[in-house]
Structures are given as C-alpha cells and as structure tokens.
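Before any comments, here is the structure.
Just so we're clear, the structure is a prediction, and the values are computed from it rather than from any experiment. Quick note: numbers below take in every heavy atom, side chains included, and nothing from hydrogens, waters or symmetry partners. In this chain, residues are counted from 1 in sequence order.
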Amino acid sequence: MERSSIGRSLLLLSVAIGSSAATVHADGNVSAVVRGGQLILRGDNADNQIRVSTDGAPAGGVRLIPGLGTAINGVLVPFLDVPDVPRGIRAGFGGGEDTFFGREFAGFTGDMIVDMGGQNDSLSLDDLSADRCDFSFGAGHDNFGFTNLACAQVSIRGGGGDDRTSWIGGSVSGATSIGMGSGPDGLTLRGITFGGPVRVLMSGGDDSLRVAEGCTFQDTAYFSGGAGTANGFDDDGTNAFAIPPVIVHFQQ
C-alpha cells in the first residue's frame, strides 16, 4: 500500500545525514516527497536555494543540499539523501527569488522538470543526462545555464522578464522547443547536437540569438525573432544544417 504524503516526508527526513538538524522558522522551505519513483520538490514564496547531485547519494538516488536559510520539509539540515528516484525530479518554486543548480549527475535516470516560478530566478545544470528535460521561468529577470545537457527531448519556456539562457555542449535525440517569452531576451546555443526537430521562438521584445561553435542540426530547424523590431541572429559559420534552416523576423 502506498505511503501517505506525511509518511513519505518522514521517510525522507529519516535518511538525512549531517551533523545537526533543527526545526526552526527558516527563511524559506522546500518540501521533498517521493511519489511513484519521482522526487517532487515544492518551494514556498520565500527565496530558496537548492543544489542537487548524485555525488554521495545512495545508488539510484540524489542528494539535496539546501542553501543558507532554506529548510527541507520544515527542517534545517546540512543535506538530505533521497533514495530510489528512478523517474527523476519534478521541481516547482513559488514567488521568491530562487536558485536551483546541479552538478555531478552520474547514474541519474528519469526526467528533470523544473518550474522556477515568478521573481528573479536562476537555474544551472551541468553534466546532466535525462529523458525529458522541461524548464520554465515566470515573470522575473531570470538566468538559465546548461553545460553538457543530454536529453531525449527538451522544452525551455521563458517568462515576461529580461531573461538570459546559455546552453553549451550536449545533445538532444528528439525534439527541442524553446520559447523565450515577452521580454528583451538573450539565447546562446554552442556546440550542441540536435537529432530531432528544433523550434526556437524569441517572442516579444528586442531579442538576441547566437548559434555557434559547431552546433549540428540533423532535422528541421526553425528560428523566429518574434515581435521585436531589433532582433539579432548570429550564426558564426561553424554550424551544420542537414536541412536549410528557416529564419524569420530577425532584423540584424
């Protein structure tokens, strides 16, 4: 029989390893619950910081390391080891200025789905291999950074602020969809192999798109500058397109 949400939370807390743990009124709180083999993270409306990694975690699990003042399940701990998450992570944050970053994902399986919520947020992931990679921002001025991201499919959705996304290295075997939202946004793609169709919509605002350092597009590629009047598209000439790309609504 499946454990209740409270039971699952207590199970997670029971495997926390650290020098101390205290129940206090922290600056922010992130709930952590495992459902059906997937780790569900939910942040409150305060400013939360969470790092995730498989380094030091039990086999098939992940380690959560909260930033200063961020509690996990209402408790301040140095870190929390979460076992048995073969379906990956689904994280959602509230209205605070949140930071979610990850390094060292050896042995990670499943999806990585992150909704950073509103305000000015930061998301950074390095050396991640996953099935579905789905990342979204809210209305703040946000920053995404990815290095060596390898996924079966990728979806990136920006919000209404002045957003910056940099993706360096990695590959996607299936479809890639990127929508940068209504602000004056910047997107950089460097050295990535795209096996499936790619669709990039820069949307509203005066945006900039740079595709560089030997990106390979093995299927269709569509790039739209959106509604801005001074959108810039920069192809450094080192990229390879199996099919001529469609490039529209760029003025520079």
Exercise. Quick one: which of Asp126, Asp127, Leu189, Thr165 gives a side chain to side chain contact (heavy atoms under 4.5 Å, CB included) with Phe146?
Worked result: Thr165
Problem set entry | Point-to-point distance, once rounded to the nearest 0.5 Å, from CG of Asn45 to CG of Asn29 | 11.5 Å
For this session: Using modelled atom types only, decide if a donor and an acceptor are shared between the side chain of Asp163 and the backbone of Gly159 within a distance under 3.5 Å.
Result: yes
For this session: Apply the test side-chain contact (heavy atoms from CB on, under 4.5 Å) to residues Phe135 and Asp115: give CA-CA distance (whole Å), side-chain angles for both, the deciding distance (0.1 Å), then the verdict.
Result: CA-CA 6 Å; Phe135 311 118; Asp115 181 351; over 6 Å; no
Exercise. Does a salt bridge link Asp234 with Arg210, judged by any charged N lying under 4.0 Å from a carboxylate O?
Worked result: yes
Exercise. Can you find a heavy atom in the side chain of Ser124 that is under 4.5 Å from one in the side chain of Arg103?
Worked result: yes
Problem set entry | Heavy-atom side-chain proximity of Thr216 to Gln218 below 4.5 angstrom | yes
For this session: Kindly compute the distance separating CD (Glu97) from CG (Asn120), expressed to the nearest 0.5 Å.
Result: 4.5 Å
Seminar exercise, completed: Between Leu80 and Ala32 the two heavy atoms that sit nearest each other are CD2-CB, 4.4 Å
For this session: Determine, stepwise, if the pair Val211 / Phe217 fulfils side-chain contact (heavy atoms from CB on, under 4.5 Å).
Result: CA-CA 11 Å; Val211 183; Phe217 298 84; 3.9 Å; yes
For this session: Could you pull out the closest heavy-atom pair between Gln119 and Asp142, with the gap in Å?
Result: O-OD1, 2.9 Å
Problem set entry | Asp55-Ser53 side chain donor-acceptor pair, cut-off 3.5 Å | no
Problem set entry | Worked check of salt bridge (Lys or Arg N to Asp or Glu O under 4.0 Å) between Arg157 and Asp134 | CA-CA 8 Å; Arg157 295 178 301 280; Asp134 190 305; 2.8 Å; yes
Exercise. Quick one: do Leu64 and Val75 end up in the same hydrophobic cluster if we chain Ile, Leu, Val, Met, Phe, Trp and Tyr together by side-chain heavy atoms under 4.5 Å apart?
Worked result: yes
Seminar exercise, completed: Between the CG atom in Asn48 and the CG atom in Leu41, the distance rounded to the nearest 0.5 Å is 10.5 Å
Problem set entry | Co-members of the apolar cluster containing Leu201 [side chain, <4.5 Å] | Tyr222, Val246, Val248
Exercise. Is any NZ, NE, NH1 or NH2 atom of the basic residue among Asp44 and Arg42 found under 4.0 Å from an Asp or Glu carboxylate oxygen of the other?
Worked result: no
Exercise. Are the side chain of Arg63 and the backbone of Gly56 linked by a donor-acceptor contact shorter than 3.5 Å?
Worked result: yes
Exercise. With a 4.5 Å limit on heavy-atom distance, are the side chains of Val62 and Phe105 in contact?
Worked result: no
For this session: Please report the shortest heavy-atom distance between Ile113 and Arg132, naming the atom on each side.
Result: CD1-NH1, 3.6 Å
For this session: Report yes or no: do Phe241 and Ile192 belong to one cluster of Ile/Leu/Val/Met/Phe/Trp/Tyr joined by side chain heavy-atom distances under 4.5 Å?
Result: yes
For this session: Measure the spacing between CD of Gln153 and OG of Ser173 and express it to the nearest 0.5 Å.
Result: 8.5 Å
Exercise. Heavy-atom distance under 4.5 Å between the side chains of Val34 and Asp84, does that happen here?
Worked result: no
Seminar exercise, completed: Smallest heavy-atom separation, Thr70 atom then Pro66 atom, equals O-CB, 3.3 Å
Seminar exercise, completed: In this structure, CG of Leu149 is separated from CG of Leu125 (nearest 0.5 Å) by 7.0 Å
Problem set entry | Flag side-chain contact, heavy atom, 4.5 Å: Val154 against Trp167 | yes
Exercise. After noting the C-alpha distance and the side-chain angles of Met180 and Ser203, does the key distance pass the side-chain contact (heavy atoms from CB on, under 4.5 Å) rule?
Worked result: CA-CA 6 Å; Met180 290 300 294; Ser203 301; 5.6 Å; no
Exercise. Are any of the side-chain heavy atoms of Val172 and Thr193 separated by less than 4.5 Å?
Worked result: no
Exercise. If only atom types and distance count, is the side chain of Thr238 paired as donor or acceptor with the main-chain N or O of Glu213 below 3.5 Å?
Worked result: yes
Problem set entry | Closest non-hydrogen atom pair between Ala130 and Met112, with its separation | CB-N, 4.3 Å
Problem set entry | Leu123 reachable from Ile168 in the ILVMFWY side-chain graph, under 4.5 Å edges | no
Exercise. ring-ring contact (aromatic ring centres under 6.0 Å, His included) with Phe137: which of Phe144, Phe100, Phe93?
Worked result: Phe144
Exercise. In Å and rounded to the nearest 0.5 Å, what is the CG to CG distance from Leu128 to Asn148?
Worked result: 10.5 Å
Exercise. Which heavy atom in Pro83 sits nearest to a heavy atom in Asp81, and how many Å separate them?
Worked result: CD-O, 3.7 Å
For this session: Report whether Ile247 and Met202 are members of the same hydrophobic cluster (ILVMFWY, side-chain heavy atoms less than 4.5 Å apart, transitive linking).
Result: yes
Exercise. Do any N or O atoms from the side chain of His141 and from the backbone of Asp162 form a donor-acceptor pair under 3.5 angstrom?
Worked result: yes
For this session: Scan side-chain atoms only and decide if Arg190 and Thr188 contain a donor-acceptor pair under the 3.5 Å cut-off.
Result: no
Problem set entry | Min side-chain heavy-atom separation Val198-Asp219 under 4.5 Å | no
Exercise. Does Asp207 use its side chain to pair, donor to acceptor, with the backbone of Gly186 at less than 3.5 Å?
Worked result: no
Exercise. Is there a donor-acceptor pair closer than 3.5 Å between any side-chain N or O of Thr99 and the backbone N or O of Ile50?
Worked result: no
For this session: Test ring-ring contact (aromatic ring centres under 6.0 Å, His included) on Phe223 and Phe233 and set out the steps.
Result: CA-CA 9 Å; Phe223 304 101; Phe233 182 90; 5.4 Å; yes
